[in-house]
Amino acid sequence: MDPLYSKYPIVIENTLTGKKEAFIPVSDGSVGMYVCGPTVYSDVHLGNARTFTSYDFMFRYFRHLGYQVRYVRNITDAGHLENDAEEGEDKIAKKARMEQLEPMEIVQRYTVDFHKVMEKLNALPPSIEPTATGHIVEQIQMIKTILEKGWAYQSNGSVYFDVENYNLKGGDYGVLSGRKLEELQAGTRVLDGQEEKRNPADFALWKKASPAHIMRWPSPWSDGFPGWHLECSAMSTKYLGEQFDIHGGGMDLKFPHHECEIAQNVASSGHKGAQYWLHTNMLTLNGKRMSKSTGNTILPNELFTGENPLLVKGFNPSTVRFFMMQAHYSSILDFSNDALMAAEKGHDKLLGAIETLKNLQPSKTSTFHIHDWVDRCYTALSDNFNSPILISHLFEAVKFINSSTDSTIGLTKDDLQLLIDKMNSFAFDILGLREQESSDAHKEALNKAMDLVIELRAKARENKDWDTADIIRKQLTDAGIQLKDGAEGTSYTL
RNA sequence: GGUUCCGUGGCCGAGUGGCUAGGCAAUGGUCUGCAAAACCAUGUACAGCGGUUCGAAUCCGCUCGGAACCUCCA
C-alpha cells in the first residue's frame, strides 16, 4: 500500500523563496528537520513554547503520513555574546556570576525547566537534542574549512566571516531576509570592537575570550568561544548532512541568525543546508508585545496555574495547545484571558464529542460522507499544515456526533470505526491534544462515588423531591462537577 | 529611519478575485420538573479613502493603526 504522504502530498510555504512549494525530500520517504532551540539561561518564554509546539505538530504530521523523520532541535548552552564588542560577555557566564553558580548549573536548571514545560504541552522529544558545548570540535572544524576557503579572516585572536568578500564571489548574503548588504552597512550601529572587523556586517565565527570570561575553549586562534550562529550550521550538518529538508525557527531568527547560517553552510560546503525554510510567527499578549518591563508578560507555567494578574484562572496545557493550533503557525497570535476562555470551551466540546463517539452504536447505513470528510482533513493538513482548517472540519464531525440520537450514530460499522480512528489521529496523534490526566484508580473511585450520588438523586427526583435533587446538583457544580440529565439517565463531566 | 508583514462580524481566528470556514459570546426555538449539555434557526464582517475589474475582504496606490527584524531573543 502506498504511504499516506503520496496520497496527500505536502505543500510548504518556503520563507526562502516566499512561495508555497511542493515538499520533495532529499531522500524519498524521509524527512530531516532542524529547529533552532532555546537558549537556556532563563525560564522558557511563552513564545518559545508556541514555536516548538508548532514544529512538534509538523513533526507529528510527517510521522503520521509515514515519513521517517529525524527531528533535531538544539540547546544553546554556550551562550551568545551580549553585543559584538571585544569585551562582550557570554550571557550564561553573566547570569552564573550573578547567582554564584557554575554556568553548567544554570544550563542544567533551565534545560530541565524547558523540558518540563514542553512535556506538559505534550510535545514529543526531538530525535536528537544536541548542545552547543558538546560540539565545539565540530564548530572549530567548520571554522577551519571556512578559513581555508578564504571566506573568513583572523583578527586579534578572533575569526570573522567576510561578508563582503562572500557576496563578491557570488554569495548571496541577504537572500533570506531580503536585506541588501549596502543597507546593512549603513544601518549598523557603531559598537566597541568593530575595529577588529573589516566590515561592520561581518560576524564572528570565533571570539577570543576576555580574562573574565568563564566559558572558554582552546582553539588554533585563541582561548575563546564559538560565534553566535555557528552551532546550528555545525550541528545540522553533522546530524542531517550538507543538504537536508527543513530548517525552522521563529521569525525573529530570520535575520541575522539564519542568514548567517546559510552563509556559513555555503562557505563550508557549497550548499545552503536546508531546502525549505520555515518561520513561525510571534506571540502578542493583549495585543501588545510581551515585555517584562511593562508587566505584559506570562510564563508558560503561570498560564497553567493562573498565577498571573493578567489571568482569571489557569488553563490546562491541552487547552493552551488547542488555542495555539486554532491559529496558523505563520500568523501572529494574540494571547488573552478571554481568548483562552473561549478556546477552553471549544477544546472541551471537541474532546467531549470524541468521548461520546466511543459509546455510539453503528446503524445500517451512513448519513455522513466520512471518506470525503477524511479527505478534506488531510488536504487541510497537507496545505502548509493548516491546523485551523482541520479544526473547523473536526467540529463538523462534532456536530454530527452530538446530533446522533438514541445512542445510535448514522454510520455503518466500518464507517464508525473509521471516524473513531481518524478523530483520534487528528486530535491526539497530530494536533497533540490530550485528556486531562488522572490516574485510572482515581477515575474508578470517582466513577463509583458518582454512580452512588446520581442514584440517590434519581430517587429524590422520582419522588419529586426537587429541593434535594437541586441541592445535590448545586453542590456538585460548586465542586466542579457538572450533572447532565438526559433521556438515558444522568451523566457528569468535570 | 530602513527591511518585512499584518489590520476580517461583540471576541479569537481561517480564507485571499465570484461559492456558509470554525470556535466563543448573543437572541429565538426544541428537549427538560427546573437547569446544564446537545441540536435547530438568526449576523450580508473584511481599518479608511481612491483605483483596476463584468465582479475585490482578496489585486494596485495613498492614509491611519499594530507587529517582527535591523543589538541576544522562538
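Since we're looking at a predicted model, the values are computed, not measured. To find a chain, count down the sequence lines: A is the first, B the second, and so on, and within it residues start at 1.
- Following rounding to the nearest Å, A/Phe335 (CZ) and B/C24 (P) show an atom-to-atom distance of 18 Å.
- At a threshold of 4.0 angstrom between heavy atoms, the contacts of A/Gly249 are confined to the sugar-phosphate backbone, with no base atom among them.
- The distance between atom CD1 of A/Ile389 and atom P of B/G22, rounded to the nearest whole Å, is 10 Å.
- Taking every side-chain heavy atom of A/Arg461 into account, B/C34 is the closest of B/C34, B/G22, B/A74.
- The side chain of A/Ala469 has B/G33 as its nearest neighbour among B/G33, B/C24, B/A14.
- Base pairing of B/C5: its partner is B/G66, meeting the Watson-Crick or G-U wobble criterion (both donor-acceptor distances under 3.5 Å).
- With hydrogens and angles left out, the side-chain atoms of A/Tyr41 and A/Thr76 include no donor and acceptor closer than 3.5 Å.
- Across all strands shown, A/Phe323 has heavy atoms under 4.0 Å from sugar-phosphate atoms exclusively, and none from any base.
- Using a distance-only test at 3.5 Å, with no hydrogens or angles considered, no donor-acceptor pair links the side chain of A/Lys422 to the main chain of A/Val374.
- Nucleotides B/A37 and B/G28 place their P atoms 15 Å apart, quoted to the nearest Å.
- With hydrogens and angles left out, the side-chain atoms of A/Asp334 and A/Thr284 include a donor and acceptor closer than 3.5 Å.
- For B/G48 and B/G7, the C1' atoms lie 11 Å apart once the distance is rounded to whole Å.
- Between the side chains of A/His115 and A/Glu119, not a single donor N or O lies within less than 3.5 Å of an accepting N or O.
- Of the candidates B/C24, B/A35, B/C39, B/C39 carries the atom nearest the A/Lys399 side chain, counting heavy atoms from C-beta on.
- Residue A/Ile246 contributes atom CD1, which lies 20 Å from atom P of B/A74 at whole-angstrom precision.
- Within 4.0 Å (heavy atoms only), A/Lys464 reaches no atom of the nucleic acid at all.
- Distances shown here put every side-chain N or O of A/Ser331 at or beyond 4.0 Å from the OP1 or OP2 atom of B/G13.
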Subject >> Contact letters for nucleotides 63-69 of chain B, in which S counts primed atoms plus P, OP1 and OP2 and B counts the base, heavy atoms under 4.0 Å >> reply: ---SSSB

**OP:** Might you work through the salt bridge (Lys or Arg N to Asp or Glu O under 4.0 Å) test for A/Asp56 and A/Arg60, ending with a clear yes or no?
**Re:** CA-CA 6 Å; A/Asp56 179 65; A/Arg60 285 164 174 273; 2.8 Å; yes

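- Aromatic ring pairs are classed by plane angle as parallel below 30°, tilted from 30° to 60° and perpendicular above 60°; the pair A/Tyr173 and A/Phe203 is parallel.
- Within 4.0 Å (heavy atoms only), A/Gly37 reaches sugar-phosphate atoms of the nucleic acid but no base atom.
- For B/A38, neither phosphate oxygen OP1 nor OP2 lies less than 4.0 angstrom from any side-chain nitrogen or oxygen of A/Asn402.
- Taking atom C1' in both B/U27 and B/G9, one finds a spacing of 15 Å when rounded to whole Å.
- Side-chain contact check for A/Lys120 and A/Asn301: at least one donor-acceptor pair (N or O, by modelled atom type) lies under 3.5 Å.
- Put simply, CZ on A/Phe400 is 17 Å from P on B/A38, counting in whole angstrom units.
- For A/Asn281 and A/Ser331, the side-chain atoms include no donor-acceptor pair closer than 3.5 Å.
- If A/Thr280 and A/Ala327 are placed on RNA chain B by their nearest nucleotide, the residue sitting closer to the 5' end is A/Ala327.
- A distance of about 10 Å separates the P atoms of B/A45 and B/G10, rounded to the whole Å.
- Along RNA chain B, the nucleotide closest to A/Glu396 and the one closest to A/Ser177 are compared, and the more 5′ of them pairs with A/Ser177.
- Comparing the C1' positions of B/U8 and B/A56 gives a spacing of 14 Å, expressed to the nearest Å.
- For the P atom pair drawn from B/A38 and B/G23, the interatomic distance equals 11 Å after rounding to whole Å.
- Of the P atoms belonging to B/C34 and B/G13, the separation is 40 Å, rounded to the nearest Å.
- Taking atom NE2 on A/His257 and atom C1' on B/U71, their separation rounds to 15 Å, with Å as the unit.
- With hydrogens and angles ignored, the 3.5 Å screen pairs a side-chain donor or acceptor of A/Ser158 with a backbone N or O of A/Lys208.
- B/A35 is unpaired under the criterion used here, namely a Watson-Crick or G-U wobble arrangement in which both key atom distances are under 3.5 Å.
- The partner of B/C49, taking Watson-Crick or G-U wobble pairs whose two distances both stay under 3.5 Å, is B/G61.
- Between the base of B/A14 and the side chain of A/His328 there is no donor-acceptor pair shorter than 3.5 Å.
- Rounded to an integer number of Å, the gap from CD of A/Glu261 to C1' of B/A74 is 14 Å.
- Atom pair A/Arg50:CZ and B/C12:P shows a separation of 15 Å (rounding to whole Å applied).
- OP1 or OP2 of B/G15 has at least one side-chain nitrogen or oxygen of A/Asn386 nearer than 4.0 Å.
- Pair assignment for B/G43 gives none, since no Watson-Crick or G-U wobble pairing has each distance under 3.5 Å.
- Using modelled atom types, no side-chain atom of A/Glu21 and backbone atom of A/Ile12 make a donor-acceptor pair closer than 3.5 Å.
- The CG atom of A/Leu333 sits 15 Å away from the C1' atom of B/G7 (whole-angstrom rounding).
- A distance of about 25 Å separates the C1' atoms of B/C19 and B/C60, rounded to the whole Å.
- Base pairing annotation: B/A14 forms no Watson-Crick or G-U wobble pair, as no partner gives both donor-acceptor distances under 3.5 Å.
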